[in-house]
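Written out below as structure tokens is the structure these notes cover.
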2 protein chains.
Amino acid sequence: MSSVAGKITPDVSARDRAAAIELEGFLPYRLNVLATLVSQSLAKVYGDRFGISIPEWRVLATLGQFREKTAREIGLHSHMHKTTVSRAVAALAERNLIARRPNREDMREAFLTMTPKGQAIYLEIVPLARAFAEQLSEGLSRDELQVLDGLISRLMGKVAHLEGGNGIENT
Amino acid sequence: MSSVAGKITPDVSARDRAAAIELEGFLPYRLNVLATLVSQSLAKVYGDRFGISIPEWRVLATLGQFREKTAREIGLHSHMHKTTVSRAVAALAERNLIARRPNREDMREAFLTMTPKGQAIYLEIVPLARAFAEQLSEGLSRDELQVLDGLISRLMGKVAHLEGGNGIENT
DNA sequence: TATTGTTATACTCTATAACTATA
DNA sequence: TATAGTTATAGAGTATAACAATA
């Protein structure tokens with residue numbers, strides 16, 4: 001296959017080449033590159049201007065959506081490990097962007113809400129994030145966006161049941 | 001909006017709620033969660049059994065596809081920073097999975113290829129990775145997969161031209 | 001005993017900057 | 001001067017384990 005006598009064909013055999021994976025066409029790779037590019041571009045939008053990290057943004061977004069949540073609930077909702085949430089919450093509380101209200105019925109946990117200052121920053125970020133998402137999907141029809149959404153949901157369901165799972169669920 | 005007199009309505013106003021972003025429906029977030037789950041599950045497949053990291057897998061995949069590439073070319077092809085490539089290459093060379101062949105016409109760079117040992121591991125990983133990708137997209141029709149592929153390409157093109165760019169291009 | 005949350009620690013991936021050796 | 005590649009260093013993001021407080 002590879003070479004005959006001293007021929008200069010130190011090449012991968014036909015069989016091996018057939019067994020190769022084209023990285024550019026490999027779905028896990030493509031998803032990863034796309035998501036990384038998107039995340040980093042978006043993180044720049046709120047990172048540069050407000051000094052907010054991705055986990056911090058997710059905490060704010062969750063509180064913006066539900067007003068009040070415990071750290072545990074935030075982790076479940078935004079797919080973050082409890083230590084990641086804990087540190088994001090600590091950083092936001094330190095900057096007085098969120099506040100803790102103890103749960104008198106279970107003193108282990110605390111309800112978290114945005115302070116007015118946090119709300120203000122959140123309300124500044126939202127239109128920027130929204131604009132980013134709109135620019136991103138500009139050119140895609142409503143139908144295409146819906147299809148993409150459905151595909152993402154189905155892939156998410158699939159991967160949750162694949163192997164090691166890992167799951168990013170909280171411990 | 002928020003509360004009248006001492007009423008117990010410490011609630012986000014209707015205006016603010018309308019301005020909120022639903023994380024679960026926010027495309028950048030969804031892409032990121034999906035890609036993370038997929039990447040980590042796949043990385044487990046080759047990480048656990050062969051001690052190969054994601055950057056190392058990308059180097060192997062690139063060499064499997066093209067047989068011979070410089071570190072710079074690998075970085076361009078697989079969207080990795082030159083320092084990431086450099087370390088992955090060093091680790092693979094250390095384990096004797098890839099070999100360097102100096103370019104006599106430009107001694108700054110070297111052509112990289114897999115050793116037989118590297119080939120062997122690569123050829124073990126490929127069917128696992130392929131099986132993973134197939135399981136992942138199981139249930140999607142050929143048409144749907146093609147649509148997904150097209151959408152990813154278009155989003156990739158879009159994000160490349162958005163803002164800070166970042167680009168993950170090599171310096 | 002189990003759970004919420006914190007902290008110490010470490011690992012992966014990425015990135016900047018400073019360097020070398022070549023060109 | 002510019003480029004290929006290495007190394008030191010640092011920053012995110014994530015994870016495990018050990019812990020305190022509470023249930």
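What's counted below: heavy atoms across the whole structure, side chains too, no hydrogens, waters or symmetry copies. Within every chain, numbering begins at 1; the chains are lettered A, B, ... in the order of the sequence lines, protein sequences first and strands thereafter. Here the structure is a predicted model, which is why all the values come from computation and not from measurement.
What separates CZ of R101(A) from P of dG5(C) is a distance of 13 Å, to the nearest Å. Distance, K82(B) NZ to dT3(D) C1': 8 Å, rounded to whole Å. Between the CG atom of N103(A) and the C1' atom of dT3(C) there is a distance of 13 Å, given to the nearest Å. Rounded to whole Å, atom C1' of dC13(C) lies 14 Å from atom CG of L37(A).
Between F66(A) and H77(A), the ring planes lie perpendicular to each other; the angle is over 60°, past the 30° to 60° tilted range.
Across the interface with DNA chain D, nearest-nucleotide mapping of E56(A) and D106(A) shows E56(A) to be the residue nearer the 5′ end.
Residue side chain R87(B) reaches the base of dA8(D) through a donor-acceptor N/O pair under 3.5 Å, judged by distance alone. Donor-acceptor pairing under 3.5 Å, judged by distance alone, is absent between the side chain of R72(A) and the base of dA2(C).
Salt bridge present: E68(B) and R101(B) bring a charged side-chain N and a carboxylate O closer than 4.0 Å.
A rotation axis mapping the C1' atoms of four pairs onto the next four is fitted at both ends of the helix from dT1(C)-dA23(D) to dA23(C)-dT1(D) over five pairs, and the angle between these axes is 10° to 10 degrees.
Remark: E144(B) engages R154(A) in a salt bridge (Lys or Arg N to Asp or Glu O under 4.0 Å) (not counting sequence neighbours).
Between dT12(C) and Q40(B), no contact under 4.0 Å exists linking OP1 or OP2 to a side-chain N or O. Not one side-chain nitrogen or oxygen of S86(A) sits closer than 4.0 Å to the OP1 or OP2 atom of dT4(C).
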